[in-house]
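Convention: sequence-line order gives letters A, B, ...; per-chain numbering from 1. Note that this is a predicted model, so its numbers are computed, not measured.
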Protein chains: 2
Amino acid sequence: MHLGTPEQQFPEIRELDLFAEMEDAHFKLLMRGAYLQTFPPQIELISEGDPSDFLHIVVSGSVDLFSTWNRRETSMATVWPVSTFILAATIKNAPYLMSARTLEKSRIVLVPSQDVRAVFDIDARFARAIVTELAQCYRSVIKNTKDLKLRTSLERVANYLLRQQARASGEREFELLTEKRRLASVLGMTPENLSRAFKSLQSYGVCVTGNRVTVGDQADLERFAKPSPLIDDYTT
Amino acid sequence: MHLGTPEQQFPEIRELDLFAEMEDAHFKLLMRGAYLQTFPPQIELISEGDPSDFLHIVVSGSVDLFSTWNRRETSMATVWPVSTFILAATIKNAPYLMSARTLEKSRIVLVPSQDVRAVFDIDARFARAIVTELAQCYRSVIKNTKDLKLRTSLERVANYLLRQQARASGEREFELLTEKRRLASVLGMTPENLSRAFKSLQSYGVCVTGNRVTVGDQADLERFAKPSPLIDDYTT
DNA sequence: TTCGGTGCTTGATATTTGTCAATCGGTGGA
DNA sequence: TCCACCGATTGACAAATATCAAGCACCGAA
């Protein structure tokens, strides 16, 4: 399904931190073997354990990264456009540790892993970008681990709301972008307990109706949540 | 305290995956600004939030990486010789996300972060090695997250024992290398519950006395623990 | 050897979290 | 419009995990 190269259709790929600084010839080389595909919702793109044949780039839609063990499942993260996923597996040429499924109709660019590794070896700027990206991912997972191990589920929910509020430019009112039961899984709890958590947070001025969240008294919520840049600031 | 360069005293540093392939001149450049220091036990080497001035290499002894929040503390990992830690912070030139303390008398090589970044830019093999190392670290943390979110504490303990057994070449009997209360923290549980977990695992043929562990029936323990390479194999 | 300290273990209890079942409420299709 | 479905919510209960307090065992120093 090559209808023009992916890069012609999606110049924002070129703007991604990962590709922005690399040489034109090398970018073309990467895109030559790449292809763009559109997937319906709820399609499993990759399964954990599979060999990592492609680096994936979400161009539109959104993707859920999840893992299973012993008939249990947990959501690990959500990938929004425009960004990549399973970079580490690609680099190491190792099996995927997570599965991925589309949450909605999504367009994904697939870049052959061996091309990524080949270009990595000849383009220092690209190598530099990959390292920065990987370091960023690593630090995000560490923050997530701290969140899980140091906080109760109620504290995790409170801090999640504060992060989402910051993302919405600090507005008192904003939307949850995630289905609640998946949010619960991301936060390491059950949907039932997420419901109860929202209710508990009413005493700190939080009101959740449907996807609409209102933070009545941010200072009060922060007094309870005690957000820390070393856990909650995903930009550094 | 420059008593000969660190690399003269510890040739195994040069053998580290991270440094093995790089050019001699560049390695010398890194070591020129580095220094070796000996620390007594229980010394806090770095504190989370501090700027990342040095890449650390544990040459002997061992180091505990831990984090705190709201008067709670959790052990994130243990670093054994010979390996590095806080590579990601060094690369990103961002504050440490974890604190580090010596567990015993330890010798540590400190390499100025800016030297690491400078050499990274001029030595493609070094860059390659850093990426591989970071990808490895990332994948380890993901596995740890899966362990925490998908398993109960009893299952985590069971799988930990199987991993340690594998590390001890599969011997029926082996030693715990970690103080139990720190192990509990690493596994995300209290020391009391670790004790009770060991007792529960007696019904699967596990016997723990002091630091001595005996796995009476490995197949039986595995039937309960259900180890998975996508969580428990830290080599891939 | 004895003493004090420290870490481990144990039991009782409290808290947190998960499970199950029923109900509510919105949405989309017949 | 109505109905069926699915996710969210609620309550009752169960399981997992943490906390607290006491006792035990080992180890090093006096």
Enquirer: Reading DNA chain C from 5' to 3', where do the contacts with chain B start and stop? Cut-off is 4.0 Å to heavy atoms.
Expert: dG7(C) to dA12(C)
Enquirer: Quick one: do Asp17(A) and Gln136(A) satisfy side chain to side chain contact (heavy atoms under 4.5 Å, CB included)? Show the steps, please.
Expert: CA-CA 12 Å; Asp17(A) 282 347; Gln136(A) 170 72 30; over 6 Å; no
Enquirer: Checking the side chain of Thr214(B) only, and the main-chain atoms of Glu173(B) only, is there a donor and an acceptor separated by less than 3.5 Å?
Expert: no
Enquirer: Between P on dA18(D) and CG on Leu154(B), what's the gap in Å once rounded to a whole number?
Expert: 13 Å
Enquirer: Please confirm whether Arg101(B) makes a cation-pi placement over Phe66(B), using NZ or CZ under 6.0 Å from the six-membered ring centre and within 45° of the ring normal.
Expert: yes
Enquirer: On DNA chain C, check which nucleotide each of Arg156(A) and Glu179(B) is closest to and give me the residue with the more 5' one.
Expert: Glu179(B)
Enquirer: Could you tell me how far apart Asn211(A) (CG) and dG7(D) (P) are, to the nearest whole angstrom?
Expert: 14 Å
Enquirer: Specify the separation, in whole Å, of atom CD of Glu192(B) and atom C1' of dC20(D).
Expert: 8 Å
Enquirer: In whole Å, I'd like the distance from the NZ atom of Lys180(B) to the P atom of dA25(D).
Expert: 13 Å
Enquirer: Using a 3.5 Å distance criterion without hydrogens, assess whether the side chain of Lys149(B) forms a donor-acceptor pair with backbone atoms of Ser185(A).
Expert: yes
Enquirer: Which residue, Leu183(A), Asn193(A), Val208(A), Leu194(A), forms the side-chain contact (heavy atoms from CB on, under 4.5 Å) with Val157(A)?
Expert: Leu194(A)
Enquirer: First locate atom CE of Met76(B), then atom OG1 of Thr145(A), and finally report the distance between them rounded to the nearest 0.5 Å.
Expert: 5.0 Å
Enquirer: Would you say the side chains of Glu48(B) and Thr68(B) form a donor-acceptor pair under 3.5 Å?
Expert: yes
Enquirer: For Arg139(B), does its backbone N or O pair with a side-chain atom of Lys92(A) as donor and acceptor, under 3.5 Å?
Expert: no
Enquirer: In whole Å, I'd like the distance from the CG atom of Asn193(A) to the P atom of dT9(D).
Expert: 12 Å
Enquirer: Can you pull out the residues from residues 143-152 of chain B that lie within a 4.0 Å heavy-atom distance of DNA chain D?
Expert: Thr152(B)
Enquirer: Does the base of dT19(D) carry an N or O that pairs as donor and acceptor with the side chain of Arg72(B) under 3.5 Å?
Expert: no
Enquirer: Quick one: on DNA chain C, does Lys199(B) or Arg181(B) contact a more 5' nucleotide (nearest heavy atom)?
Expert: Arg181(B)
Enquirer: Does Trp69(B) offer a backbone N or O that forms a donor-acceptor pair with the side chain of Lys146(A) under 3.5 Å?
Expert: no
Enquirer: Rounded off to whole Å, could you give me the CG-to-P distance for the Leu194(B) and dT17(D) pair?
Expert: 12 Å
Enquirer: Checking all strands, does Thr190(B) fall into the base, sugar-phosphate, or nothing category for heavy-atom contacts under 4.0 angstrom?
Expert: base
Enquirer: What is the distance, rounded to the nearest whole Å, between atom CG of Leu176(A) and atom P of dA8(D)?
Expert: 10 Å
